2 protein chains.
Amino acid sequence: MLDVRKLRLLRELSHRGTIAAVAQALAYTPSAVSQQLAALEREAGVPLLHRTGRRVALTPAGTQLAVHTEAVLADLERATAALAASREVLTGHLRIGAFSTAMRTILPAALVTLGRDHPGLDLTVRELDPANVADALRTDQLDLGLISAYDYVPVEPDPALETTPLLVETMYLASTRSTTIVDCRAASWILASPETLCHTMTVRACQAHDFTPRARHHADDFATVLALVAAGQGVAFVPELGAADPPAGVVLTALESRRRTFVAYRRGTGEHPAVVAGVSALRQVCSGLVPGF
Amino acid sequence: MLDVRKLRLLRELSHRGTIAAVAQALAYTPSAVSQQLAALEREAGVPLLHRTGRRVALTPAGTQLAVHTEAVLADLERATAALAASREVLTGHLRIGAFSTAMRTILPAALVTLGRDHPGLDLTVRELDPANVADALRTDQLDLGLISAYDYVPVEPDPALETTPLLVETMYLASTRSTTIVDCRAASWILASPETLCHTMTVRACQAHDFTPRARHHADDFATVLALVAAGQGVAFVPELGAADPPAGVVLTALESRRRTFVAYRRGTGEHPAVVAGVSALRQVCSGLVPGF
DNA sequence: GTCGAGCATCAGTTCAGCTTACGGTCGTCG
DNA sequence: CGACGACCGTAAGCTGAACTGATGCTCGAC
């Protein structure tokens, strides 16, 4: 019988690529991961990963085994969900991860609803860039994660996760005057921190218009971004929710581009009562937030 | 994360009913099983089995968890099957269990075929009453098991197993003269050993004709049974394959009743190359055995 | 050439899980 | 009706799997 704990390491390796990263993600030492994978390989009787110098890569058999592991883990999640559903009252933890705008605009109301309807549920919220949500869900650091996708940065489907759509927002170009993206090719841009989704989005959107944005400031919070725009420090992309209450002097130009927000959860947890409650609370809040949705 | 080893104990408990039986089946002490189930219950946070005096019974939550366990174990079987399929040449063990008639009539030819086509496959055959095949498959003592079902003893579907039909045989009433079941109500009967499927079948069939067979001899092998019939020691039911070469003096009366033979294997192993090879060899042999099939 | 990132191996330690022994609870049979 | 046996649970001790930390190797970057 294959050991699920070891399979989980293999699955995580297929996502992260290095043993060191797997070890860090699952709070092990690289040595432990290496030993466990070696043991799994021995039990499997087939090479699962081939060493190329100082790196490792999955063999086809290893990739295939990782795919099968997704099914096993999803079934185990379904089993725990059924156990939770068999309890009469909803208790336990629900850990939600959200990007900063959602943190301010969506979550407070959702938390109130959840706290009222399910007083036995311990709610924990963590601010997290969408780029890290999938990893955090997979490694069981989170139960629900809000992710957003831009037209230029589609969300890549993760076999370990399921998603439910929450919101579609219009994107705006924030400036001190009415303008277009192309007219801002020489302007200063206010970007988010590197490695974040917003940063990637701005760069990709500008590249689609054949230029690279010249970064003058870095700010992750859209309220801060708009304050900088109002101060004449540059232009920026902001989504509808981030531009709810723009400071004086900021002109918002609606774009064709859209931002889509989803809530993601581990495959198999969709029937878990805590997840059901969380998703429906988020949907409820979002349906009252953007008129057109 | 639920522990699959413990879940397996729960699954087995749902089939066998007592902790002692689970322990014996899986080569543990009852104490170990009890401890593991207690730990599983603690981790689940829900009562899984309630103690009634000196016995235990699964709660609804426990039963439900056992059902989910079937899916997990089937996925794990699929994973190992995929690993085996990724090897270029078929190696390893294939353990086949069969009732005695099949052992003589079907298996020899199938073993020859398998040995020729897959020299790397270690074949092990074990004689086993169909009543015990399901347990042996579940506890991983067997990979393929031949089971037979009579009209009066249908095979109960086991969620842990899959089956493929192999044969349909005519049942015969063996006597020294042409007769009917009802006419034999006062006759001596040759029965198989108690607790075996053949024994159950004969008793049920007679009960369907409103009498209980009077047992004079007990014999499991149909060749022996027919020898006893020829010696005037009684009458008996025999299937087509068991009556291939009847001794002189035995009259076989065809009945409406049929015997259906299947090959069973653990759910998820249907794609395992060794199982595929074994099933197809058995099908091939059986298709050449009974003309009408 | 040197450094650092990444992986494997070895030795030591910890802890989960097994066995053995024992006690409690019930049905059963003499 | 008492003794026995079947069955389950608990306590104590032991074994082996698995993790950590130290060390060595390989390879790419500067």
Side-chain angles (χ1 to χ4, degrees), chain A residues 1-59 61-63 65-66 69 76 135 139-140 195, chain B residues 1-59 61-63 65-66 69 76 135 139-140 195:
Chain A
M1 185 67 53
L2 292 167
D3 181 3
V4 177
R5 296 176 64 259
K6 300 193 180 91
L7 288 175
R8 207 161 77 100
L9 296 179
L10 184 73
R11 193 267 295 252
E12 210 53 34
L13 181 64
S14 80
H15 283 285
R16 311 218 178 215
T18 76
I19 289 182
V22 173
Q24 196 189 352
L26 300 179
Y28 290 136
T29 58
S31 171
V33 176
S34 176
Q35 290 178 47
Q36 290 302 300
L37 288 175
L40 178 64
E41 209 164 1
R42 202 177 331 119
E43 293 160 16
V46 174
L48 299 176
L49 29 97
H50 53 91
R51 282 76 178 168
T52 66
R54 59 178 185 179
R55 300 190 69 84
V56 294
L58 290 185
T59 62
T63 307
L65 188 55
T69 302
L76 282 171
D135 284 348
T139 54
D140 202 24
E195 301 294 308
Chain B
M1 186 68 52
L2 292 167
D3 181 4
V4 177
R5 296 177 62 259
K6 299 192 181 91
L7 288 175
R8 206 160 77 100
L9 296 179
L10 185 73
R11 192 268 294 252
E12 210 53 35
L13 182 64
S14 81
H15 283 285
R16 312 218 179 214
T18 76
I19 289 183
V22 173
Q24 196 188 355
L26 300 179
Y28 289 135
T29 58
S31 171
V33 176
S34 176
Q35 290 177 47
Q36 291 300 301
L37 287 175
L40 178 63
E41 209 165 1
R42 202 177 330 119
E43 293 160 17
V46 174
L48 299 176
L49 29 96
H50 52 92
R51 282 75 177 169
T52 65
R54 59 178 186 180
R55 299 190 69 83
V56 293
L58 289 186
T59 62
T63 307
L65 188 56
T69 303
L76 282 171
D135 285 347
T139 54
D140 202 25
E195 300 294 309

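Source: prediction; values computed, not measured. In what follows, every heavy atom counts, from backbone to side chain, and hydrogens, waters and symmetry copies are set aside. Below, read A as the first sequence line, B as the second, and so on, with proteins coming before strands; counting in each chain starts at 1.
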Quick one: the side chain of B:R54 and the base of C:dC26, do they pair up donor-acceptor inside 3.5 Å?
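For B:R54, whose side chain was compared with the base of C:dC26, there is a donor-acceptor pair (under 3.5 Å).
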
Indicate, yes or no, whether a donor-acceptor pair under 3.5 Å links the base of D:dT10 to the side chain of B:S31.
yes

Gap between atoms [atom1] and [atom2], on [X] and [N] respectively (whole Å):
| X | N | atom1 | atom2 | answer |
| --- | --- | --- | --- | --- |
| A:Q36 | D:dT20 | CD | C1' | 13 Å |
| A:I19 | D:dC27 | CD1 | P | 16 Å |
| A:L10 | C:dC7 | CG | P | 14 Å |
| A:R55 | C:dG6 | CZ | C1' | 8 Å |
| B:L49 | D:dG9 | CG | P | 7 Å |
| B:D3 | D:dA17 | CG | C1' | 13 Å |
| A:Q24 | C:dG6 | CD | C1' | 13 Å |
| B:R51 | C:dG24 | CZ | C1' | 14 Å |

Give one of base, sugar-phosphate or nothing for A:T29, where a contact means two heavy atoms less than 4.0 Å apart.
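Base contact.
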
What's A:A20 touching, base or sugar-phosphate or nothing? Going by heavy atoms closer than 4.0 Å.
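Counting heavy atoms under 4.0 Å across all strands, the contact made by A:A20 is with sugar-phosphate only.
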
Nearest to the B:R5 side chain among C:dG17, C:dC10, D:dC8, which nucleotide is it?
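Among the listed nucleotides, the one closest to the side chain of B:R5 is C:dG17.
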
Look at A:Y28 and D:dT20 and indicate whether a side-chain polar atom (N or O) is within less than 4.0 Å of OP1 or OP2.
no

Can you tell me if B:S34 touches the phosphate of D:dC8, counting only side-chain N or O atoms and a distance under 4.0 Å to OP1 or OP2?
no

For B:L49, does its backbone N or O pair with a side-chain atom of B:R51 as donor and acceptor, under 3.5 Å?
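Answer holds: yes.
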
Tell me the closest heavy-atom pair linking A:T139 and A:A25, and the distance in Å.
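Where A:T139 meets A:A25 most closely, the heavy atoms are CG2-CB, 4.0 Å.
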
Pair A:D3 + B:R5: basic N to acidic O under 4.0 Å
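No, no charged N to carboxylate O under 4.0 Å.
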
For residues B:L40 and B:L2, determine if any side-chain heavy atom of one lies less than 4.5 Å from a side-chain heavy atom of the other.
yes

By nearest-nucleotide position on DNA chain C, the 5'-leaning member of A:V33 and B:K6 is A:V33

Knowing that exactly one of A:V46, A:L10, A:T59, A:L58 qualifies, which makes a side chain to side chain contact (heavy atoms under 4.5 Å, CB included) with A:L65?
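Considering A:V46, A:L10, A:T59, A:L58, a side chain to side chain contact (heavy atoms under 4.5 Å, CB included) with A:L65 is found only for A:L10.
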
